[in-house]
Amino acid sequence: MAKKAAGAIIPPFDQLSGKVRVPLHRQVYQRLKNAILGGSLAPGVRLPSARTLAGDSDVSRNTVEIAFAELEAEGFVERRVGAGSFVAAAMPDFVGKPLHARTAKTSTNRVNHSLSERGRRIKAAAEIDPTATLAFAPCMPSLEAFPLQTWNRLTARRARLAGRDLLGNGDPAGYRPLREAVADYLSTARGVKCNWQQVVILSRTQQALNLSSRLLLDEGEQAWIEEPGYLGARAALQNAGACIIPVPVDEQGLNVERGIKLAPAARLAYITPSHQYPLGVTMSLTRRLALLAWAKSAGAWIFEDDYDSEFRYTNRPLAAVQGLDSAGRVIYAGTFNKVMFPSLRLAYIVVPPHLVDAFIAARALADGSAPTLAQIVMTDFIAEGHFSSHLRQMRALYHERRDILLDAVARELAGSLRVEAAADQKISTQAAARKFHIPPLSRYYLRNRRAQPGLILNYAGTPPKIIRRTVRTLATIFQT
Ligand SMILES: Cc1ncc(COP(=O)(O)O)c(C=O)c1O
């Protein structure tokens with residue numbers, strides 16, 4: 001039966017069917033989204049509670065909650081602590097008008113109208129950040145400390161020797177000696193259990209996430225992500241049409257028990273166990289084992305993003321979850337773009353043997369293969385010992401920068417460190433105006449009501465003088 005709430009017509013839920021292949025939460029999601037797109041749920045309108053909607057139909061409250069979370073993730077619904085759920089006020093301007101009324105008035109509108117729904121999601125999710133070169137820019141290593149002369153020398157030597165075979169298409173799985181070197185490195189440094197055939201060279205971790213989401217999940221299937229968590233993982237899964245289940249992170253990492261309560265039949269769990277992004281905690285061994293046990297019994301995949309395990313300063317990192325897996329459920333991903341330099345565009349994925357062919361095929365379709373010369377030079381850089389000595393130097397440098405940052409924060413910001421809820425966004429905006437980039441922690445939460453305020457200071461790529469100066473400026477922002 002249609003339900004009226006604060007002037008809103010909620011689509012009838014009595015025709016939902018457990019018999020069709022589309023999961024119930026996806027059917028609820030689709031009905032609500034159709035109503036929003038069709039205009040019967042106007043921007044700003046308050047939605048009934050999940051409990052009420054579930055009570056009026058034959059679905060559980062959890063089913064409605066999942067649908068709400070998905071709509072929130074895509075920007076169709078806003079959830080406000082203590083006030084309930086609302087149709088987002090800032091819908092694209094054609095939403096709510098019949099198709100024939102969607103005439104483009106401006107060129108911006110025309111561009112929007114030509115995009116698919118997925119296209120609009122991709123456009124909204126891509127973080128093309130104009131402040132990315134500013135102080136504290138995320139994912140930025142120290143470029144001035146990179147041994148550029150060595151890299152140039154290795155590149156020149158290979159370029160001089162290059163034959164025409166270098167000009168053809170590369171192997172979509174990657175240059176074999178690099179795959180072997182990565183397998184060696186991962187088994188020694190990270191406890192990963194694999195042979196070189198399981199390693200596929202990619203351009204970025206983001207590519208590993210995109211390929212995995214598309215290869216392993218069907219539209220509407222559930223995937224756990226960490227809450228708060230990496231926006232790149234969220235975007236890849238959303239773009240593949242997955243239903244995102246945010247699972248809280250505590251001091252032991254992803255709360256596996258909560259995940260199992262929220263979505264026991266999820267198909268994939270995305271984790272950053274070595275160094276949770278953005279909170280920095282390490283996933284405990286108990287949780288790692290619990291996650292593996294769940295994945296085995298549910299037939300689910302674990303996507304292990306080991307994006308910066310190289311940079312532990314106090315103790316050795318725990319070995320990778322992949323090395324503890326006896327059931328072949330883990331997809332392991334790592335990147336050279338952070339430990340070397342971002343424009344290198346070389347990353348890697350380790351997949352269970354029976355998935356190798358599918359990943360190679362998907363990579364070939366996505367963008368062919370990685371540039372051969374860069375792969376060869378990277379292999380030389382590892383084989384001649386430059387990689388391990390670069391890692392050692394960077395570890396010492398970043399450790400020092402972290403101490404400088406902590407010291408500056410303790411001196412300049414002592415007493416100002418309590419950031420009120422929602423204030424982190426404001427401080428972050430004021431900081432961007434002063435040319436430094438400190439994203440608000442609240443942005444990394446999918447559920448607003450869980451969001452903790454905070455500020456993320458990426459110190460690795462920022463020289464000490466600028467760290468100190470920026471923290472002093474931050475103190476003045478706190479005081480205004
Ligand atoms: C959690 C996380 N994963 C992966 C990466 C690396 O991503 P990519 O190789 O796609 O640049 C980053 C960026 O620093 C990150 O923060």
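Ligands are counted one by one from 1 in listed order, and the atoms in each one are counted from 1 as well.
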- Below 4.5 Å, heavy atoms only, C-beta onward: do I271 and V321 meet side chain to side chain? yes
- Taking the six-membered ring of Y445 as reference, does the NZ or CZ atom of R447 fall below 6.0 Å from its centre and within a 45° cone about the axis? no
- Do R179 and W196 meet the cation-pi criteria used here (NZ or CZ under 6.0 Å from the six-membered ring centre, within 45° of the axis)? no
- Residue contacts for ligand 1, heavy atom to ligand atom, distance under 4.0 Å: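 Within 4.0 Å of ligand 1, the protein residues are C139, R204, T205, Q206, Y230, Y270, Y277, D305, Y307, T335, N337, K338.
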- Message: For E72 and S85: C-alpha separation, side-chain torsions, deciding distance, then whether side chain to side chain contact (heavy atoms under 4.5 Å, CB included) applies.
- Response: CA-CA 9 Å; E72 185 187 21; S85 302; over 6 Å; no
- Is K338 salt-bridged to E310, cutoff N-O under 4.0 Å? no
- Query: Salt bridge check: are D367 and R345 linked by an N-O gap of less than 4.0 Å?
  - Reply: no
